[in-house]
Amino acid sequence: MTASPEVERQLERIRTGSVDFVGEDELRPRLAKAIEEGRPLRVKLGMDPSAPDLHVGHTVTLEKLKIFQELGHTPIFLVGDFTARIGDPTGKNKARPALDEEQVKANAVTYVEQVARVLDVERAEIRFNGEWMDALSPTDIVKLCSHYTVARMLERDDFSKRYREGLPISVHEFLYPLVQAYDSVALQADVELGGTDQLFNLLVGREIQRDYGQAPQAVLTHPLLVGTDGKEKMSKSVGNTIGITDAPEEIYGKTMSISDKLMADWVGALSFGRWEDLLPQARSGEDPLGLKKELARRMVARFHGDDAVGSAEGHFQQVIQRGETPDEVPEVELALGGEANLGLLDVLRQTFGLASNGEARRLVSGGAVQVDEGRVDDPKLRLAAGEYLLRAGKRRFARVSLK
RNA sequence: GGAGAGGUACCAAAGCGGCCAAAUGGGGCGGACUGUAAAUCCGCUGGUUUUACCUUCGGAGGUUCGAAUCCUCCCCUCUCCA
């Protein structure tokens, strides 16, 4: 078969921004056939609804799914409601706790809503793997297990690592890659997308598909975004995420708080199909502050629209760069409960939702607390009825009225 | 089933009868510095009505004036053997 320009054009876009591309040669004729017969490829991206929010880390592969959509293929967003109940061990040193059904359902709903911000869900398949997994009999599951060996399971990095280090591995964790693989069988996926940490699971999919008499899917992995801490993979449980539903000021501020080095990585990972123009500056390292602001602006615009950019940036300049009080400060009312006044520590704890008065005390003794724009360092201070502007650290503000 | 090792604060890890609210490192939170950062430096990091008291060292009991430390039972993890 001669390579058609259209096939090569599509492959080029598909390849952009990916790390591994397994099965490209097998995909080429399938792609050609797909184009010829007007029968789109089925492209699978699965996510476990293990946390209620998607973050920018998720958007890397989502973006690739969108590219497939733009090329006329069928994006399948697979919500791993069943797999979330198993708990994916990938990249963890511990088994991830399985979630209960209710939690999973609630998360799944918000996932789909959030995916709609990136993908045209009207023209996508949204599926749940509980659909076919719950229908399997124990016999079916045992059969599925028979297609893979323990030795091969232990090839997976986090398994072998834990095994070597004497950390526990539960048997059910071996089920995860197999279930994910079976999803590809059920969906008859031509392509599956994932992060680089998913490579093993994705490849298991190829083998299992073959065993079930299907042509193996092509596999595309993409870089994992390191979280705002600059150390670990972005993940809700580490708390280093930028959520796509975060407020504009949050998205802007969190983006500004990343290190210059991390910024370059982010631009690299997030650029494909979208922000290539930022790449030269990211590589040269020129004017990092300017580039970071541009990145922050684009992040805000991407998830909240252009209109949100101005105020998010203004907020940042005012509060972080100049250390001033923001225009909008949350208002809190506290009851004195008949007393003449209320201790500062109690006021701080209640207005900022601190865990204890001890935490409030630490903030005060650390010099982080301001009342009406003047630093306070007496933890025994008591506030009488009235209005106060409270600040705790750089970013926490509240206008408190004591009654 | 047998033998051995182990479970300490958010994590890792010391402590092995009183000086232990528990060393140290990481993380986190503050502060200083800065180009927003990073790096660096400093402080804090169980709770309270804070020179004291209360709750904490897998769980439940027990010994003792006193237990993270000793004993008993139980639960969990790892290794080797079967």
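Proteins come first, then strands; the chains are lettered A, B, ... in the order of their sequence lines, and each starts at number 1. Values below: every heavy atom of this structure, side chains too, minus hydrogens, waters and symmetry copies.
- In this structure, A:D53 contributes its side chain and A:G243 its backbone to no donor-acceptor pair below 3.5 Å.
- Looking at heavy-atom distances under 4.0 Å, A:R396 makes contact with sugar-phosphate atoms alone, never a base.
- Straight-line distance from the CG atom of A:N240 to the P atom of B:G28: 10 Å, rounded to whole Å.
- Here, B:U51 and B:A5 have their C1' atoms 44 Å apart, quoted to the whole Å.
- Residues A:G393 and A:D260 each lie close to RNA chain B; by heavy-atom proximity, the contact nearer the 5' end of the strand is made by A:G393.
- A distance-only check finds a donor-acceptor pair linking the side chain of A:N240 to the backbone of A:E232 [under 3.5 Å].
- The side chain of A:R375 has B:A32 as its nearest neighbour among B:A32, B:A38, B:G35.
- Atom P of nucleotide B:G35 and atom NZ of A:K261 are separated by 23 Å, given to the nearest angstrom.
- Which of B:C78, B:C29, B:G31 sits closest to the side chain of A:P168 comes down to B:C78.
- One C1' atom belongs to B:C76, the other to B:A60, and the distance between them is 15 Å to the nearest Å.
- Nearest-nucleotide assignment on RNA chain B puts the 5′-proximal partner with A:A392, out of A:A392 and A:S259.
- Residues A:K44 and A:S184 bring a donor and an acceptor atom of their side chains to less than 3.5 Å of each other.
- Whole-Å rounding puts the A:I320 CD1 to B:A37 P distance at 7 Å.
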Between A:Q281 and A:E286, does the side-chain hydrogen bond (donor to acceptor under 3.5 Å, both in side chains) criterion hold? Intermediate values first, please. CA-CA 6 Å; A:Q281 197 182 344; A:E286 254 172 75; over 6 Å; no

Residues A:F174, A:Y148; criterion ring-ring contact (aromatic ring centres under 6.0 Å, His included); working and verdict: CA-CA 10 Å; A:F174 284 169; A:Y148 223 73; 9.5 Å; no

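- Closest approach to the A:L363 side chain among B:U50, B:G30, B:A37 is made by B:G30 (side chain taken as heavy atoms from C-beta onward).
- The side-chain heavy atoms of A:R361 and A:S356, taken from C-beta on, include no pair separated by under 4.5 Å.
- Taking the six-membered ring where tryptophan is involved, the planes of A:Y182 and A:Y212 are perpendicular, since the angle between them exceeds 60° and thus also 30°.
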For nucleotides 41-48 of chain B, 5' to 3', base contacts (B), sugar-phosphate-only contacts (S) and non-contacts (-) with protein non-hydrogen atoms under 4.0 Å give ---SSSSS

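- We find that CZ of A:R162 is positioned 14 Å from P of B:A12, with the value rounded to whole Å.
- Near RNA chain B, meaning a heavy atom under 4.0 Å from it, residues 281-298 of chain A has A:P288, A:L289, A:K292 in order of number.
- In this entry the distance linking CG of A:L167 with C1' of B:U79 reads 13 Å, nearest Å.
- Between the side chain of A:T59 and the backbone N or O of A:H55 there is no donor-acceptor pair closer than 3.5 Å.
- Atom CD1 in A:I258 sits roughly 13 Å away from atom P in B:A39 (whole-Å rounding).
- Residues A:E328 and A:H315 are not in side-chain contact: their nearest non-hydrogen atoms beyond the backbone lie 4.5 Å or more apart.
- Nucleotide B:G30 holds its P atom 11 Å from the CZ atom of A:R391, rounded to whole Å.
- With ring centers used as reference points, A:F128 lies 6.0 Å or more from A:F82.
- B:G25 atom C1' lies 13 Å from atom NZ of A:K231, rounded to whole Å.
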